[in-house]
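Please read the structure below before turning to the comments.
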Amino acid sequence: MISFPANTDIFVCHLPVSFGCGIDGMIRYCKIILNKEPLSKAYFMFINKGKEQIRILWYDGQGFSLCTKRSSQGRFLYWPKNSNELCTVISFFDAQILFSGGELKSTKAKKIWKKIV
């Protein structure tokens, strides 16, 4: 399981992305399509068109990392949708739920952290 720092922005991209572009393509996608700076130490979560894989891109100060998770049980059924925006910031807790294949709406939990400014 990947660990998300609680004080880092985590952007979830609402539209499916082709994963054939590799790490450089994902960086360009962040810059050009999402209009976000991938060097900002934020995490960017993407899902592929078939919803079988999730990718997370981040910069740690020394270089980029790209993590891929493929579902062993078919597809990730639940992915946030927003017709108004291409991506939104989600919480550390929500990112863990998505990465585990869970549904944000049905998960009930108390907020256990607050963002450090």
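We use all heavy atoms of the structure for the numbers below, so side chains are in, but hydrogens, waters and symmetry mates are not. What you are looking at is a predicted structure, and each value in this text was computed from that prediction instead of being measured.
Partners of Phe64 according to the ring-ring contact (aromatic ring centres under 6.0 Å, His included) rule, which considers only residues two or more places apart in sequence or in another chain, are Tyr59.
For the pair Ile10 and Ala95, the tightest heavy-atom approach, listed with the atom from each and the gap, is CD1-CB, 3.8 Å. Leu98 and Val12 get closest at one heavy-atom pair: CD1-CG2, 4.0 Å. Shown here for Thr8 and Ala42, the closest heavy-atom pair between the two residues is CG2-CA, 3.9 Å. Contact detail for Ile97 and Glu103: the closest heavy-atom pair is CG2-N, 3.9 Å.
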- Item | Stepwise side-chain contact (heavy atoms from CB on, under 4.5 Å) test for Ile54 and Thr68 | CA-CA 6 Å; Ile54 293 175; Thr68 302; over 6 Å; no

- Message: Is there a side-chain contact (heavy atoms from CB on, under 4.5 Å) between Cys30 and Leu57? Walk through the geometry before answering.
- Response: CA-CA 9 Å; Cys30 289; Leu57 174 76; 3.8 Å; yes

- Please report the C-alpha distance between Phe19 and Phe46 in whole Å, then the side-chain angles of each, then the deciding distance to 0.1 Å, and finally whether the ring pair (Phe, Tyr, Trp, His ring centres under 6.0 Å) criterion is met. CA-CA 9 Å; Phe19 286 175; Phe46 305 93; 7.2 Å; no

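Taking CD1 of Ile56 as the start and CG of Leu66 as the end, the distance is 9.0 Å to the nearest 0.5 Å. How far CE of Met45 is from CZ of Arg55: 13.5 Å, rounded to the nearest 0.5 Å. One distance of note links CH2 of Trp58 with SG of Cys67; it measures 5.5 Å at 0.5 Å rounding. In this structure, the separation between OG1 on Thr88 and NE2 on His14 is 3.0 Å, given to the nearest 0.5 Å. The structure places CD of Glu85 at 7.5 Å from SG of Cys87, a figure rounded to the nearest 0.5 Å. Note that CG of Leu39 is 10.5 Å distant from NZ of Lys41, once rounded to the nearest 0.5 Å.
A donor-acceptor pair is defined here as one N or O able to donate and one able to accept, closer than 3.5 Å; such a pair exists between the side chain of Arg75 and the backbone of Gly50. A distance-only check finds no donor-acceptor pair linking the side chain of Asp24 to the backbone of Ile27 [under 3.5 Å]. In terms of modelled atom types and a separation under 3.5 Å, the side chain of Ser71 and the main chain of Gln73 share a donor-acceptor contact.
Hydrophobic clustering of Ile, Leu, Val, Met, Phe, Trp and Tyr side chains at less than 4.5 Å, counting indirect connections, keeps Leu77 apart from Trp79. Under the 4.5 Å side-chain heavy-atom criterion for ILVMFWY residues, a single connected hydrophobic cluster contains both Phe99 and Phe76.
Counting non-hydrogen atoms of other residues, nucleotides and ligands closer than 6.0 Å to CG of Asn35 gives a total of 12 or fewer.
Under the 4.5 Å side-chain criterion, counting only non-hydrogen atoms from C-beta, Tyr29 is in contact with Val17. Asn48 has its side chain out of reach of Ser18: every pair of non-hydrogen atoms, C-beta onward, lies at least 4.5 Å apart.
In this structure, Lys36 is not positioned above the aromatic face of Phe44 in the sense of NZ or CZ being under 6.0 Å from the six-membered ring centre and within 45° of the axis.
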